Structure formats: structure tokens, C-alpha cells
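Notes for the one structure printed next.
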Number of protein chains: 2
Amino acid sequence: MKASKNIKTQNYTDRCPLLYVMELIGSKWKLPILWCLNDEDGLHYNELKRRVHGVTNTMLTKCLRELEERGLVSRHSRGSVPPSVTYHLREDGRSLMPALEGLCRWGMDYLKKHEEGGGTCEDKG
Amino acid sequence: MKASKNIKTQNYTDRCPLLYVMELIGSKWKLPILWCLNDEDGLHYNELKRRVHGVTNTMLTKCLRELEERGLVSRHSRGSVPPSVTYHLREDGRSLMPALEGLCRWGMDYLKKHEEGGGTCEDKG
DNA sequence: CAGAATCCAACTGGATACTG
DNA sequence: CAGTATCCAGTTGGATTCTG
């Protein structure tokens, strides 16, 4: 109760850190990318692409650029031919993962309650 | 570390509770609406509209319907003329608020670090 | 290998007007 | 009062092709 009160008094007007974060990680591939890098730090572009299943070049590059700009991941190029570029999670990116735990827990809890006899996570066809 | 490891092993494949939640509350007005209802439970449509500043009828109605479907808010109509409809936060909606605290904290922390001399929250013009 | 460039479809959300 | 209906613009993301 106190916690939630704290949240809403801080936020629900405008310029709110929570909405900022939502915008930061709200696009389709950001979280999957971060998870992969958190899972195994220092991945090459194509390794990443293989793990973030379904992502396209366009989107992967775009997301990585944005995450880099925001300081969540870092890009290291060897500048050789053929090119070799690895992506790493920076501290801000890493610290984001545990920050998501509350939400994740809520989600698991919610799904458990609402799909008592169903599958695991069927949101939309 | 353990927490974050826990998260990624559970998730980054497909059907993931966290992505589910993100979809649930990811649209533009959902969180502001929930905050308002958390702030003062039992608001009329137009009260809500006044508090969620900037929202349009179309969007407010759409969001409320979706939140209602998902069981986060409840709708009570007196069925009179003129109509009187109040919206309440249900338990699932209320429990979501503290679950957001981790993210919110991370956001405040992040903003503090990244705008040492700047304003409070300038994301985009 | 690690992208960039281009084009396009779908979705999101806003503006406006109308209604029982 | 509490919406609904319609239309429209901007954004998101996918498909495809090309390159040093």
C-alpha cells in the first residue's frame, strides 16, 4: 500500500520515470535483446539475431542503436574484414533485469489465476 | 544476479509473462488510467477523463474496455438517465501498482545519473 | 559478417461529430 | 453523462534487396 502510494504520487501527472522506462523498453524487441545479452554477454550481431528469434536486420540494428544511445548496451567493433562486432550489456542494462522482477512475478501470478485450466501463455492468435 | 537469472531463464524464448504484461499495460493511457483509479477509487467516466489529462473519448473508452476485459478494473453502471458509470480498480489492478516499483526506481535512478545538470525528465521534444 | 536502404502493411492514437 | 462512429495521420515493424 505504502509502496503504491509512493508510486502514484510521484508519477501520474506528467514526466514520469516509469513512462520513460516504458518508452525505453516498450518496443517489440528490446527486452528479448536485453535478455539474450544478459544470458550470454558479448554476442556478435548474427549470434544475437539467431537468438532473438524472428527479429529482422532492420529491427535488430535499430534497437541496438537505441539501446546503445541510452547506454544500456555497448558496441565493440574490431574494425577488421570481415567485420566482427560484439554487443555487451552495460551496467544500466544489467541492473534493469532485476528491476523487472516485480512485474514478471505479477505476470506469472496473473496468468496462473486467469488460465486455471488453459495453457501457459496464450495472449493472441 | 539470481533474480535476473531467474527472469531470463523463464522468459526470453516465447510466451513470457513479462511480455504479456508489457502488452497489457504498454499502450499510451493504460498506466495513467490505473494510477488515477489507484489514487482515487471509484471515478466517473468524465472525472477520469479530466484526470487523465489529454486522453480522448475514443482512447479512454477503448482502454477501459480492455482493462475491464483483463479484470484490472470494474465498471458499475446505475442504468439511469442521465447515465452514471463508475470505474473501480479490482484486486489485480491494485496489486499491479507495487509490482511496478522496481521499474520505477530504476527509472528514477537512471534519470538521475543521465541528466546530472538537466531537468527532470526530458525524453523527446 | 554486419549491417544500410527502400518500400510497404498494419496498428495506434488523435480529431471531430453525433447520440440515448 | 457516457459514450459511439467515422475518418485520418503518424509510427512501428516487416520484407526484400544490396554492400564493403
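Quick caveat: nothing in here was measured; it's all calculated off a predicted structure. Below, read A as the first sequence line, B as the second, and so on, with proteins coming before strands; counting in each chain starts at 1.
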Whole angstrom is fine here: how far is it from [atom1] in [X] over to [atom2] in [N]?
X     : N      : atom1 : atom2 : answer
A/K28 : D/dA15 : NZ    : P     : 9 Å
B/Y87 : D/dC1  : OH    : P     : 14 Å
B/E68 : D/dA2  : CD    : P     : 14 Å
A/K49 : D/dG14 : NZ    : C1'   : 12 Å

Is any side-chain N or O of [X] closer than 4.0 Å to OP1 or OP2 of [N]?
X     : N      : value
B/H44 : D/dC1  : no
B/R75 : D/dG3  : yes
A/W29 : D/dT12 : no

Partners meeting side-chain hydrogen bond (donor to acceptor under 3.5 Å, both in side chains) with [X] (sequence neighbours left out):
X      : result
A/E91  : none
B/W106 : A/S95
A/S84  : none
A/H44  : none

**OP:** Please list, by residue number, the residues of residues 57-66 of chain A whose heavy atoms come closer than 4.0 Å to an atom of DNA chain C; answer none if no residue qualifies.
**Re:**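 Listed by number, they are A/N57, A/T58, A/T61, A/R65.
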
**OP:** Please report the shortest heavy-atom distance between B/L64 and B/V73, naming the atom on each side.
**Re:**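 Reported closest heavy-atom pair: O-CG2, 4.0 Å.
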
Subject >> Residues forming a salt bridge (charged side-chain N to carboxylate O under 4.0 Å, His left out) with A/D41, sequence neighbours excluded >> reply: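 A/D41: salt bridge (charged side-chain N to carboxylate O under 4.0 Å, His left out) contacts with A/R94.
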
**OP:** Applying side-chain hydrogen bond (donor to acceptor under 3.5 Å, both in side chains), run through A/Y45 and A/T61 and close with a yes or a no.
**Re:** CA-CA 9 Å; A/Y45 181 87; A/T61 302; 2.9 Å; yes

Subject >> Sequence neighbours excluded - salt bridge (charged side-chain N to carboxylate O under 4.0 Å, His left out) pairs with any residue from residues 24-35 of chain A >> reply: A/K30-A/E66

Subject >> Pairwise salt bridge (charged side-chain N to carboxylate O under 4.0 Å, His left out) hits with a residue in residues 77-89 of chain A, at least two apart >> reply: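 As it turns out, there is no salt bridge (charged side-chain N to carboxylate O under 4.0 Å, His left out) pair with a partner in residues 77-89 of chain A once direct neighbours are skipped.
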
**OP:** Quick one: list whatever passes side chain to side chain contact (heavy atoms under 4.5 Å, CB included) with B/D109, sequence neighbours left out.
**Re:**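 Once residues adjacent in sequence are excluded, B/D109 has no partner under the side chain to side chain contact (heavy atoms under 4.5 Å, CB included) criterion.
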
Subject >> For B/T58, side chain to side chain contact (heavy atoms under 4.5 Å, CB included) partners two or more places apart >> reply: B/T56

**OP:** Would you grab the first and last nucleotide of DNA chain C (5' to 3') that comes under 4.0 Å of any non-hydrogen atom in chain B?
**Re:**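 It runs C/dG13 to C/dG20.
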
Original post:
What bend angle does the helix from C/dC1-D/dG20 to C/dG20-D/dC1 show across its length, from five-pair end axes and to the nearest 10 degrees?
Top reply: 50°

